[in-house]
Number of protein chains: 2
Amino acid sequence: MKDITPKLINLFKQGYCAPQISRISKKIKEPSTTIHYNIKKLEKEGKIKSYKAVFDYKKIGEGHCTYILVNLLPSRYGSPEEAARDIAKDSRVESIDICTGDYELLVKLRTKDIDEYYEYIKTSVKKFGFAKTVSMTSLKQLKTEFVETED
Amino acid sequence: MKDITPKLINLFKQGYCAPQISRISKKIKEPSTTIHYNIKKLEKEGKIKSYKAVFDYKKIGEGHCTYILVNLLPSRYGSPEEAARDIAKDSRVESIDICTGDYELLVKLRTKDIDEYYEYIKTSVKKFGFAKTVSMTSLKQLKTEFVETED
DNA sequence: ATAAATAACTGAATAATATTCGATAAACAA
DNA sequence: TTGTTTATCGAATATTATTCAGTTATTTAT
């Protein structure tokens, strides 16, 4: 057996999906060629960046999700943006924002479990120069799990 | 001219996309029927929930993004989950998590501009019984749930 | 360890879908 | 107005997904 599942998940995180023109055509009752024309236009304008899969993260072994508010040591990087670019390289970092307020960065981290999360914090404090962090672990994600099923 | 664009964006937020089996087949050099079989399996297991488009939110007029940490009035709802379900109904709420820490909810809000954001806060404090909120407006998104941002 | 049952893989055929093309119509600019 | 660009859309073509059936691999039961 060749376990291609991890490869598929990885590709779907990058994209490798496409719009369903004929289904959209039926839904909004316009010719499929018109739908096609309009979608290509959205893509050319850069309004649509890609198409990707939505996962049930628990089921793919990435169930632990934590939002980390970060204060950076002023000494380590020239700017929060520079730090953020470095932090973003880790594939477990799902998103990273530079924000207003008491904390410069908001890092959304997905790990297998709390142990992997703890290990991440420990190494990152050193590696990136986190001066102070506040962690908010997600107990339940309501909106990302929402998928409409009516046709 | 029939402006289909808003309809398309709305549908793409729900799904209306599909995996590109033949492209994946070429990429990882496995027969397309094998790819097909494995993807269907992932779908049946619920590991993949749907396929969606990824937008450039600035370009589609949803450029203002704020993370709102929320304390709820204990009186209004029976549980934070109940409140979250109500809050999630607003299409401008991109995600909502029930979290550990000082604030029960983390709401990710996408609006056109700061004025719409302010209007949202004003009405939500009353409507959902927000006792206390802390707002972190995203100045720059280095990485989103979906794709890395290059600009 | 062996047999039976189940799950996974795959090529060939078919069904469904996207894309191209050319013609028309609508919107826009000078 | 007139010319120019943008948008719509049906018919033909190209590409892609899906089904099916045979095979192999893996797991389960005896």
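The chains referred to below are lettered A, B, ... by the order of the sequence lines, with proteins before strands, and numbering in each begins at 1. All values below come from the heavy atoms of this structure, side chains included, with hydrogens, waters and symmetry mates left out.
Comment: A/Arg110 does not engage A/Glu62 in a salt bridge, judged by the lack of any side-chain N to carboxylate O separation of less than 4.0 angstrom.
Among the nucleotides C/dT10, D/dC9, D/dT18, the one closest to any side-chain atom of B/Tyr37 is C/dT10. When the nucleotides C/dC9, D/dT16, D/dA17 are ranked by their closest atom to the side chain of B/Ile21, D/dA17 comes out on top. Minimum atom distance to the side chain of B/Thr33 is reached by D/dT18, of the listed D/dT8, C/dT19, D/dT18. Taking the side chain of A/Lys40 as heavy atoms from C-beta on, and the options D/dG10, C/dT19, D/dT18, the nearest nucleotide is C/dT19. Of the candidates D/dA7, C/dT17, C/dA8, C/dT17 carries the atom nearest the A/Ser22 side chain, counting heavy atoms from C-beta on. Comparing atom distances between the B/Lys26 side chain and each of D/dG10, D/dT16, D/dT18 picks out D/dT16 as nearest.
Remark: side-chain polar atoms of A/Lys7 are not paired, donor with acceptor, to backbone N or O of B/Ile28 under 3.5 angstrom.
More than 12 heavy atoms of other shown residues, nucleotides or ligands fall within 6.0 angstrom of atom CG in A/Leu139.
Proximity of B/Asn38 to the phosphate of C/dC9: a side-chain N or O atom is located under 4.0 Å from OP1 or OP2. B/His36 has no side-chain polar atom (N or O) that falls below the 4.0 Å cut-off from OP1 or OP2 of D/dA17. Residue A/Lys2 has no polar side-chain atom (N or O) positioned under 4.0 Å from OP1 or OP2 of C/dA8. Taking only side-chain nitrogens and oxygens, A/Lys41 comes nearer than 4.0 Å to OP1 or OP2 of D/dA7.
For the pair A/Gln20 and B/Glu30, both in contact range of DNA chain C, the more 5′-proximal nearest nucleotide belongs to B/Glu30. Mapped onto DNA chain D by nearest heavy atom, B/Ile4 and B/Pro19 fall at different nucleotides, with B/Ile4 at the one closer to the 5' end.
No path of Ile, Leu, Val, Met, Phe, Trp and Tyr side chains, each step under 4.5 Å between heavy atoms, connects A/Val125 with A/Leu73, placing them in separate hydrophobic clusters.
For the pair B/Arg23 CZ and D/dA17 C1', the computed distance is 16 Å after rounding to whole Å.
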